[in-house]
Amino acid sequence: MKKIVVSLIFLSTSAFASDVKVTSFRFLESGSHFSPAAELCGELIAPAGKSEMIKVVSDPQSKGPATYHVWTGKDGKFCSVIATFTGKAEADLE
């Protein structure tokens, strides 16, 4: 399966892969300090009418990537809050 890379550096708002579409990826505001918290939302390209597991990897090319597992709803949509220091993440079906 193909993986997608989303980067806030390029202000990407959507990216496509064979199975997963990221619809939103943005840092959460934390007042005057930097926060690595970001919200990642997306949907399956062809939802199967059941929950699916999505694997999200933040900072995939860094020395310290982090893996998150997120369930979709039956409609194929998902959202998760992740930590990212590089502004990049990959999402793919597990």
Side-chain angles (χ1 to χ4, degrees):
M1 288 180 223
K2 292 182 182 178
K3 291 186 178 181
I4 54 171
V5 177
V6 181
S7 176
L8 290 174
I9 297 169
F10 299 113
L11 300 175
S12 214
T13 56
S14 70
F16 293 90
S18 60
D19 300 314
V20 179
K21 174 183 173 187
V22 174
T23 57
S24 173
F25 187 53
R26 62 178 174 237
F27 279 107
L28 301 179
E29 294 190 28
S30 64
S32 61
H33 355 257
F34 169 77
S35 170
E39 178 188 61
L40 174 83
C41 295
E43 61 190 8
L44 297 177
I45 299 298
K50 61 179 181 145
S51 294
E52 299 278 351
M53 178 69 70
I54 302 292
K55 179 180 177 182
V56 176
V57 179
S58 70
D59 305 331
Q61 304 301 320
S62 72
K63 292 181 182 179
T67 302
Y68 300 85
H69 291 90
V70 182
W71 283 104
T72 68
K74 289 181 181 180
D75 61 357
K77 295 181 181 181
F78 65 94
C79 277
S80 182
V81 175
I82 64 170
T84 176
F85 293 95
T86 65
K88 295 180 181 178
E90 295 177 347
D92 199 3
L93 281 172
E94 179 62 7

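FYI, side chains are in, hydrogens and waters are out, and symmetry mates aren't considered; it's all heavy atoms of this structure. Given the structure is predicted, the values throughout are model-derived calculations rather than measurements. We number each residue from 1, following the sequence as shown.
- To the nearest 0.5 Å, the span separating CZ on Arg26 from CD on Glu29 amounts to 9.5 Å.
- Going from atom CD of Glu39 over to atom OG of Ser80 covers 9.0 Å, rounded to the nearest 0.5 Å.
- Under a 3.5 Å cut-off, the side chain of Ser58 and the backbone N or O of Ala89 do not form any donor-acceptor pair.
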Steps toward side chain to side chain contact (heavy atoms under 4.5 Å, CB included) verdict (Val81, Leu28): CA-CA 9 Å; Val81 175; Leu28 301 179; 3.9 Å; yes

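- The NZ atom of Lys55 sits 8.5 Å away from atom CG of Asp92, with the distance rounded to the nearest 0.5 Å.
- Ile45 is not listed as a side-chain neighbour of Asp19, based on a closest heavy-atom distance of 4.5 Å or more.
- Atom CZ of Phe34 and atom CZ of Phe85 lie 6.0 Å apart (nearest 0.5 Å).
- Side-chain atoms of Leu40 and Val22, non-hydrogen and from C-beta on, do get closer than 4.5 Å to each other.
- Between Ile54 and Val20, the closest side-chain pair of non-hydrogen atoms falls below 4.5 Å.
- A heavy-atom distance below 4.5 Å is not found between the side chains of Trp71 and Glu52.
- The distance from atom OG1 of Thr23 to atom NZ of Lys77, rounded to the nearest 0.5 Å, is 8.0 Å.
- Between the Asp59 side chain and the Thr86 main chain, a donor and an acceptor come within less than 3.5 Å of each other.
- Nearest heavy atom pair, residue Gly87 against residue Phe25, reads O-CE2, 3.4 Å.
- Side-chain contact check for Thr72 versus Glu43: every heavy-atom pair is 4.5 Å or farther apart.
- Residue Gln61 holds its CD atom at 7.5 Å from NZ of Lys88, rounded to the nearest 0.5 Å.
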